[in-house]
Amino acid sequence: MQCVNYWTKIKRFFKEAAPTLQQQRLIALILLLCQGGITVSGSIVRVTGSGLGCPTWPECQPGSLVPMEGAAPALHQAIEFGNRLLTFVVSAAAVAAVIAMRMARRRTELKVYAWLNVAGIVLQAVIGGISVHLDLRWWSVALHFLPSMLLVWLAAMLYSRILEPDDGTPRARFPQAIRLLAAVATVALSIVLITGTMVTGSGVHSGDSGVGMEGRLQVDTEAMAVTHAMCMYVYLTLTVVTVFLLYKNRAPQDAKKAGWVLVVCILIQWAVGVYQFYMSIPRWTVPFHIALSSFVTAYTALLWAHGVRRTNGTADLITGSPSGDEKYAARQASLERERATA
């Protein structure tokens, strides 16, 4: 009977409660950090040679969902299995975002961002399983990484857009030409990421300690790294020009700040890449490089989001949605009545 009462209370909570803007924003931030974080854990799997610590999927070892003693080096099993477990953490954050947007009665745009994160995580799990069955062929690993950057982008857009009132009117905050240039810079970033996976695919870190150059991209790694660097310079130039135009056109301060943070992140990423090139890609630099990729992707999304904002909506919305605020007020009134009669 007590379990039934708890379940009733839980259902009532989800039916009546509406998370505030601060709570929604926190959930979106956690999702963004999780999406970026799992790419770092994936890179740790790669540089430690643990990619086939669990040689099958969805099982870890044939006939077992969890690591088995002696089936593979214990450390490799632990790292790969731990990375897989993180998928459930990211999934929980994405589901929480979906529930929060629904409970707060937010606009369709935000619900789409949240649902795309859920769908992307499921797709990523499948791609990861396929890459394991393909013994970490370079192109399958690349296909596993690139959607992660898209999910970081979507999580950043959700985080940025949450504060905009649902009944507001979308308004451009700087000229269309600058927004177009920012879009071109985003395309350039995509090419940088793609060529980056090709550098890794031809390099020394196969992802498994027992795999040499089998299944690797058969191109000159140094030449591929130079190509990757040239693409990065184009992306950096486009971003710097975008920031310059933001200042020239007196864009809002938050947009200019996002632009400068992005430029700094790109420069740090460049410095790490140069160090990797001349030091033969030390293992410890790879997770750092991947983490910076998430930062750069997220801030590219934030800069893009600053181009158009919803304004002139209902002031001081608690949930960001007029109907969500009605639900929030009804919930607070119900709690007050319960306290009064207690």
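Under the 4.5 Å side-chain criterion, counting only non-hydrogen atoms from C-beta, Met198 is not in contact with His228.
By the neighbour-count criterion of 12 heavy atoms within 6.0 Å, atom NZ of Lys111 is densely surrounded, having more than that number from other residues, nucleotides or ligands. The neighbour count for Glu222 CD, taken as heavy atoms of other residues, nucleotides or ligands under 6.0 Å away, does not exceed 12. Enclosure of atom CZ in Phe81 by more than 12 non-hydrogen atoms of other residues, nucleotides or ligands within 6.0 angstrom is indicated. When the shell of 6.0 Å around CZ of Phe174 is examined, it contains more than 12 heavy atoms from other residues, nucleotides or ligands. Within 6.0 Å of atom CD in Glu69, 12 or fewer heavy atoms from other residues, nucleotides or ligands are found, so the atom counts as exposed in its surroundings.
Under the 30°/60° scheme for interplanar angles, the aromatic rings of Trp270 and Tyr233 are found to be tilted.
A donor-acceptor pair shorter than 3.5 Å cannot be found between the side chains of Arg25 and Gln22. There is a side-chain donor-acceptor pair under 3.5 Å between Gln276 and Thr285. Looking at Ser323 and Ser321, their side chains do bring a donor and an acceptor atom within 3.5 Å of each other.
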Run the side chain to side chain contact (heavy atoms under 4.5 Å, CB included) check on Arg105 and Asp325 step by step: do they pass? CA-CA 9 Å; Arg105 298 176 178 174; Asp325 272 27; over 6 Å; no

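Under the 4.5 Å side-chain heavy-atom criterion for ILVMFWY residues, no single connected hydrophobic cluster contains both Trp115 and Leu150.
A donor-acceptor pair under 3.5 Å is absent between the side-chain atoms of Ser160 and the main chain of Met157, judged by distance alone.
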Sequence neighbours left out, cut at 3.5 Å: what donor-acceptor pairs do the side chains of residues 244-251 make with other protein atoms?
| residue | atom | partner | partner atom | Å |
| --- | --- | --- | --- | --- |
| Tyr247 | OH | Trp260 | NE1 | 2.9 |
| Asn249 | ND2 | Leu245 | O | 2.8 |

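Ion pair Asp254/Arg173 flagged as a salt bridge, since at least one NZ, NE, NH1 or NH2 atom sits closer than 4.0 Å to an Asp/Glu carboxylate oxygen. Between Glu164 and Arg107 there is a salt bridge, with a side-chain nitrogen of the basic residue lying less than 4.0 Å from a carboxylate oxygen of the acidic one.
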